[in-house]
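The structure appears right after this line, and notes come after that.
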Amino acid sequence: MEPMNKANNQVLLPSDQVVEVVQQNLLEWYGENKRDLPWRENKNPYRIWVSEIMLQQTRVDTVIPYYERFLSRFPTIESLAAAADEDVIKAWEGLGYYSRARNLHSAVKEVVAEYGGKVPDKVAQISKLKGVGPYTTGAILSIAYDKKVPAVDGNVMRVFSRLFTIEDDISQQSTRKKMERIAEKLIPESSPGDFNQALMELGAMVCTPQSPKCLFCPVQSVCKAYQQGRESELPRKKKATSPKSVDVIFVWIVSENKVLIEKRPEQGLLAHMWSLPTIEQAKKENYLEVFNEFCDTKNIQLTNLIIRGNLDHIFSHIHWKITLVQADLKKSVSLPDEWEWIALNQLHTRAFPNVYRKALQQLVSI
DNA sequence: AAGACGTGGGT
DNA sequence: TACCCAAGTCT
């Protein structure tokens with residue numbers, strides 16, 4: 001394959017005739033083939049907003065049950081704004097990218113305080129909200145308010161790359177801007193929300209990353225990649241770097257039916273979430289040394305160490321090679337601030353990231 | 001600009 | 001096992 005060149009800096013806007021075909025064929029196809037999804041029941045901006053945040057980097061099938069639960073727990077923007085942080089994060093438990101939930105909660109509070117609970121319908125206002133980037137701005141404004149604003153996500157970039165044989169690397173930020181200029185020309189006046197969704201729906205159902213179903217594509221007749229038999233070569237995308245491997249230790253400390261849990265730091269991986277006490281800089285083979293260091297730092301003493309098992313967990317950028325170690329805590333003067341005893345049968349009330357749920361399952365089969 | 005930030009599913 | 005992907009945003 002050719003090197004990843006900068007491609008042409010110039011944007012070749014589609015002709016009026018192509019625009020016409022894409023608009024008509026896509027909207028008709030969407031009308032007949034769109035999936036019945038819970039966030040398509042109505043155009044409540046709050047509901048659209050929640051769905052767009054949940055759907056970031058997350059599959060539709062994964063989101064649906066979370067969405068249903070979240071909306072029945074926080075039916076209105078006011079109810080979410082008034083909710084406790086722990087309740088919001090608990091509702092997000094297991095979905096991943098937890099800063100989404102915190103940003104959403106914070107932004108919703110801002111909307112209630114500054115805009116009387118009405119989600120802004122201006123680009124300048126809504127794009128300032130935490131967690132609302134260029135894509136989500138366009139999605140909310142077009143879907144909820146029928147504004148003619150581009151909503152260019154990964155689907156749309158893939159569709160455009162093929163439709164117009166755009167050779168740019170779609171992992172580059174500049175590429176999205178180019179795509180937005182094309183979208184601006186393509187979006188019809190009549191139904192911007194449906195058109196943006198149709199574009200994404202096409203990317204999800206027909207113009208898929210692998211084995212695109214070109215034979216069933218409503219815009220096959222104007223697709224340059226299909227005409228050239230190059231649909232499998234596009235879009236171009238830089239290969240992702242593989243996750244860095246890190247040794248970590250989870251410590252399992254139980255006494256009288258209670259277990260020691262740890263609140264994670266406010267910054268970084270799994271911020272604010274509950275966890276088992278975790279030693280992240282394990283690296284060495286000598287766990288005893290690592291433990292001594294850990295105990296010194298926390299000003300505690302751990303004894304009777306037993307290895308309870310091993311576990312691998314792969315995040316998008318880190319590969320945790322986990323060792324589960326059981327230990328006893330020698331009576332100490334004071335517990336670290338971030339530690340807390342909790343009854344085993346109350347573990348389910350706290351929000352643990354999935355990696356810790358997996359570990360707990362292995363340890364106590366809950 | 002490139003890396004941080006979760007998780008589960010498909011090949 | 002390994003790798004890619006999924007309605008991105010923040011720093």
Side-chain angles (χ1 to χ4, degrees), chain A residues 34-35 37-40 48-67 89 92-104 106-107 126-140 142-144 150-159 169-177 179-180 183 193 196-205 207-212 232 235 237-246 264-273 275 312-321 351-358:
Chain A
K34 68 177 169 190
R35 288 168 292 179
L37 301 171
W39 44 89
R40 286 180 178 164
I48 304 294
W49 184 4
V50 172
S51 77
E52 290 304 336
I53 302 299
M54 283 192 173
L55 285 163
Q56 288 171 8
Q57 301 291 283
T58 311
R59 292 178 189 292
V60 165
D61 290 344
T62 303
V63 166
I64 290 174
Y66 279 91
Y67 182 79
I89 205 70
W92 208 272
E93 179 185 41
L95 240 199
Y97 286 151
Y98 298 100
S99 67
R100 290 183 296 174
R102 305 193 153 275
N103 288 151
L104 174 64
S106 152
I126 200 169
S127 62
K128 273 189 199 141
L129 298 170
K130 281 187 192 166
V132 179
Y135 161 74
T136 305
T137 294
I140 296 173
S142 65
I143 298 171
V152 175
D153 71 338
N155 285 310
V156 175
M157 291 206 277
R158 184 171 57 255
V159 169
D169 176 2
I170 62 166
S171 60
Q172 295 299 306
Q173 195 160 27
S174 55
T175 305
R176 201 202 71 247
K177 289 179 183 140
M179 301 281 188
E180 283 174 346
N196 278 343
Q197 291 189 83
L199 233 28
M200 293 188 272
E201 191 85 349
L202 186 77
M205 306 303 291
C207 196
T208 49
Q210 283 93 34
S211 323
S232 61
K237 190 176 181 180
K238 198 166 35 200
K239 274 196 283 288
T241 58
S242 49
K244 195 180 102 184
S245 191
V246 178
R264 292 188 52 88
E266 299 180 7
Q267 298 289 321
L269 189 63
L270 308 174
H272 298 277
M273 305 294 287
S275 68
D312 278 59
H313 188 83
I314 303 173
F315 302 104
S316 43
H317 58 302
I318 298 174
H319 180 161
W320 268 5
K321 303 179 83 67
F352 288 88
N354 233 49
V355 56
Y356 290 99
R357 288 275 168 218
K358 280 203 307 192

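Note on naming: letters A, B, ... go to the chains in the order of the sequence lines (proteins, then strands), and numbering restarts at 1 for each one.
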Tell me whether Asn354(A) contacts the main-chain N or O of Arg357(A) through its side chain, where contact means a donor paired with an acceptor under 3.5 Å. no

Distance-only, no hydrogens or angles: does the Thr175(A) side chain make a donor-acceptor pair with backbone N or O of Asp169(A) under 3.5 Å? yes

If you measure from the [atom1] atom in [N] to the same atom in [M], how many Å do you get, rounded?
| N | M | atom1 | result |
| --- | --- | --- | --- |
| dG6(B) | dT1(C) | P | 23 Å |
| dA4(B) | dA7(C) | P | 23 Å |
| dA6(C) | dA1(B) | P | 23 Å |

Where protein sits on nucleotides 2-11 of chain B, one letter per nucleotide: B base, S sugar-phosphate only, - none, heavy atoms under 4.0 Å: S-SBBBBB--

Going by ring-ring contact (aromatic ring centres under 6.0 Å, His included), name the residues that satisfy it together with Tyr67(A), two or more places apart in sequence or in a different chain. Trp39(A)

Are side-chain heavy atoms of [X] and [Y] found at a separation under 4.5 Å?
| X | Y | value |
| --- | --- | --- |
| Leu129(A) | Trp49(A) | yes |
| Val132(A) | Glu52(A) | no |
| Thr58(A) | Arg100(A) | yes |
| Tyr97(A) | Gln57(A) | yes |
| Leu95(A) | Met54(A) | yes |

At 4.0 Å (heavy atoms only), tell me whether [X] reaches a base, stays on the sugar-phosphate, or touches nothing.
| X | value |
| --- | --- |
| Ser51(A) | nothing |
| Arg158(A) | sugar-phosphate |
| Arg264(A) | nothing |
| Trp320(A) | nothing |
| Val132(A) | sugar-phosphate |

Using chain A heavy atoms and a threshold of under 4.0 Å, write down where along DNA chain C the contacts begin and end, 5' to 3'. dC4(C) to dC10(C)

Aromatic ring pairing His317(A)/Phe315(A), orientation class (parallel under 30°, perpendicular over 60°, tilted between): tilted

Starting at the 5' end of DNA chain C and moving along, which residue's nearest nucleotide shows up first, Leu129(A) or Glu201(A)? Glu201(A)

Where each residue is assigned the nucleotide of DNA chain C containing its nearest heavy atom, which of Trp39(A) and Asn103(A) is assigned the position nearer the 5′ end? Trp39(A)

